[in-house]
Visitor: 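Below is the structure I would like to discuss, written out as structure tokens.
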Amino acid sequence: MPELAEVAYYCSRWNPGLGERILRVHMNGQKRCFRGVDASQLAGALSGNRLVSSHTHGKRMLFKLDQGLWLGIHLGMTGSLLMRRKEAELEKHDHLALETRVAWLVFNDPRQFGRIEHHESKGLPEFWRNLPPETISERFDFQHFRRFAEKGAKQPLKSALLDQSRFPGVGNWMADEILWHSRIRPQRSIATLNEHELKDLFRAIKRVSRIAMKRIAPDFSDPPKSWLFHRRWKAGGLCPKTGAHLNRDSIGGRTTCWSNAWQR
DNA sequence: ATGCATGTTACATG
DNA sequence: ACATGTAACATGCA
């Protein structure tokens, strides 16, 4: 599930643990989520450490601890962060759980496409400072967008929007939503857009990102009723604007939903 | 049982 | 070198 605003929501689920010491670490280091990290080393670094703050960027999360330790988390397709009462039993897919005074801070991920990272650095890790601007950031302005859009100008817009190096945080439903708001079909490419359409696309990226953050990030509320979001999941949905049946196809290997009559 | 899934990446192909 | 397409990952659900 997790895209931009959902990631921000899950990140905030660990807020009650900020400032707390980690009393115990439960870690299932054999799981795929730990690929590339030395799990026992990470567990050692976490034990007795203190959670200081949390950050998100697109679909990525970064937790700052004391002694220059940084815990990176990507939720993949089915990951989530949650808290469990201290006396609660941990569950099957709780691959990482940090016990604090107040609760267990849990990373749960059935499909294990998510990822845990271990970084050590005095200040913000280098890679984090070099990430491209988020769509909600002021730095992501029309000039930046136009320049960035030129990379992969011939690929379908649907695929272009899913490129995390250009549109961090945009995932499958957000890309469909953005194109529906832009009234542009997902098969089109940047190269075919006129100046007017390019502006429409830019505005839709900003608008969908901003409203998603406002509605979803604080408490996982639904996006506005008028959005494609509510109709796109299963075949047979109707376009909120035209009332006509929505179209579905696989574009760039991802299920894509659009409205032929509404989008050109 | 079969097919599909809100993500990423390695590999194959043109 | 580049761009695009597909398989793979591991599990649950309709």
Side-chain angles (χ1 to χ4, degrees), chain A residues 1-11 13 28-37 56-61 72-82 91-96 106-117 127 131-132 134-135 148-181 186-192 205 208-209 211-213 215-217 220-224 227-237 246 248-258:
Chain A
M1 172 187 294
E3 303 179 20
L4 182 76
E6 290 129 344
V7 170
Y9 168 76
Y10 283 125
C11 186
R13 304 248 63 194
N28 199 340
Q30 277 74 260
K31 293 296 180 178
R32 187 167 197 270
C33 324
F34 294 95
R35 56 198 179 279
V37 312
T56 69
H57 184 107
K59 297 176 188 170
R60 319 184 60 140
M61 298 183 285
I73 301 184
H74 192 297
L75 297 173
M77 197 91 99
T78 54
S80 64
L81 298 192
L82 61 136
E91 298 195 359
K92 186 179 173 188
H93 300 300
D94 292 348
H95 306 310
L96 174 65
V106 174
F107 164 73
N108 178 285
D109 184 9
R111 285 176 75 180
Q112 302 173 50
F113 293 172
R115 185 163 214 155
I116 301 290
E117 296 167 359
F127 85 93
L131 292 173
E134 291 191 283
T135 55
F148 245 48
E150 279 162 18
K151 174 187 155 197
K154 287 192 297 188
Q155 69 185 148
L157 282 168
K158 173 57 181 271
S159 311
L161 286 168
L162 292 176
D163 180 351
Q164 297 303 294
S165 73
R166 286 182 285 170
F167 309 106
V170 175
N172 207 21
W173 77 255
M174 283 185 77
D176 285 358
E177 193 72 43
I178 286 165
L179 289 162
W180 182 78
H181 283 247
Q187 299 85 349
R188 300 270 304 279
S189 69
I190 294 279
T192 72
I205 291 169
V208 168
S209 304
I211 298 175
M213 283 301 275
R215 300 275 297 227
I216 300 171
F220 225 108
S221 295
D222 274 348
W227 280 20
L228 179 68
F229 179 90
H230 302 281
R231 324 283 185 99
R232 69 176 294 282
W233 304 112
K234 50 192 184 302
L246 291 163
R248 289 167 75 82
D249 197 1
S250 177
I251 300 178
R254 308 302 302 281
T255 300
T256 302
C257 176
W258 76 97

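Naming: A, B, ... by sequence-line order, numbering from 1 per chain. Quick caveat, the model's predicted, so the values are computed rather than measured.
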Visitor: What is the distance, rounded to the nearest whole Å, between atom CG of A:Leu4 and atom C1' of B:dT6?
Guide: 13 Å
Visitor: Examine the side chains of A:Asn172 and A:Lys158 and answer whether a donor and an acceptor come within less than 3.5 Å of each other.
Guide: yes
Visitor: Identify whether any heavy atom of A:Lys151 sits under 4.0 Å from a base atom; if not, whether one sits that close to sugar-phosphate; answer base, sugar-phosphate or nothing.
Guide: nothing
Visitor: Between A:Asp109 and A:Gly252, name the one whose nearest nucleotide on DNA chain C is closer to the 5' end.
Guide: A:Gly252
Visitor: Please report, rounded to the nearest Å, how far the P atom of B:dT9 is from the CZ atom of A:Arg32.
Guide: 10 Å
Visitor: I need the NE2-P distance between A:His93 and C:dC9, as an integer number of Å.
Guide: 18 Å
Visitor: For A:Gly253, report the nucleic acid contact type (base, sugar-phosphate, nothing); a contact means any heavy atom under 4.0 Å.
Guide: nothing
Visitor: Between the base of C:dC9 and the ring of A:Phe113 - centre-to-centre under 5.5 Å, planes within under 30° - is that a stack?
Guide: yes
Visitor: With nearest nucleotides of DNA chain B determined for A:Arg115 and A:Arg111 from heavy-atom distances, which residue corresponds to the more 5′ nucleotide?
Guide: A:Arg111
Visitor: Side chain of A:Thr255 only, please: which of C:dT11, B:dT8, B:dA5 is the nearest?
Guide: B:dA5
Visitor: Rounded to whole Å, how long is the line connecting atom CG of A:Asp222 with atom P of B:dT6?
Guide: 18 Å
Visitor: Find the distance A:Ile190:CD1 to C:dA3:C1' and express it as a whole number of Å.
Guide: 16 Å
Visitor: Do the rings of A:Trp227 and A:Trp173 sit parallel, tilted or perpendicular, given the 30° and 60° boundaries?
Guide: tilted
Visitor: For A:Ile116 and B:dT8, give me the distance from atom CD1 to atom P, rounded to whole Å.
Guide: 15 Å
Visitor: Is any side-chain nitrogen or oxygen of A:Lys31 closer than 4.0 Å to OP1 or OP2 of C:dA10?
Guide: no
Visitor: Can you measure A:His74 atom NE2 to B:dG7 atom P for me and round it to whole angstrom units?
Guide: 8 Å
Visitor: Could you check whether any side-chain N or O of A:Glu177 sits under 3.5 Å from a backbone N or O of A:Phe229, counting only pairs where one atom can act as donor and the other as acceptor?
Guide: yes
Visitor: Taking only N and O in the side chain of A:Gln112, is any of them less than 4.0 Å away from OP1 or OP2 of C:dT11?
Guide: yes
Visitor: Determine the Euclidean distance between corresponding P atoms of C:dA10 and B:dC11; express it in Å to zero decimal places.
Guide: 16 Å
Visitor: Report the base-pairing partner of C:dA1 (Watson-Crick or G-U wobble, both distances below 3.5 angstrom), or none.
Guide: none
Visitor: Which whole-number value in Å describes the distance from A:Glu6 CD to B:dG7 P?
Guide: 9 Å
Visitor: What about the rings of A:Tyr10 and A:Phe220, do their centers lie closer together than 6.0 Å?
Guide: yes
Visitor: Going by purine N1 to pyrimidine N3 plus the second Watson-Crick contact, or the G-U wobble pair, all under 3.5 Å, which nucleotide sits opposite C:dT6?
Guide: B:dA10
Visitor: Using modelled atom types only, decide if a donor and an acceptor are shared between the side chain of A:Asp94 and the backbone of A:Phe107 within a distance under 3.5 Å.
Guide: no
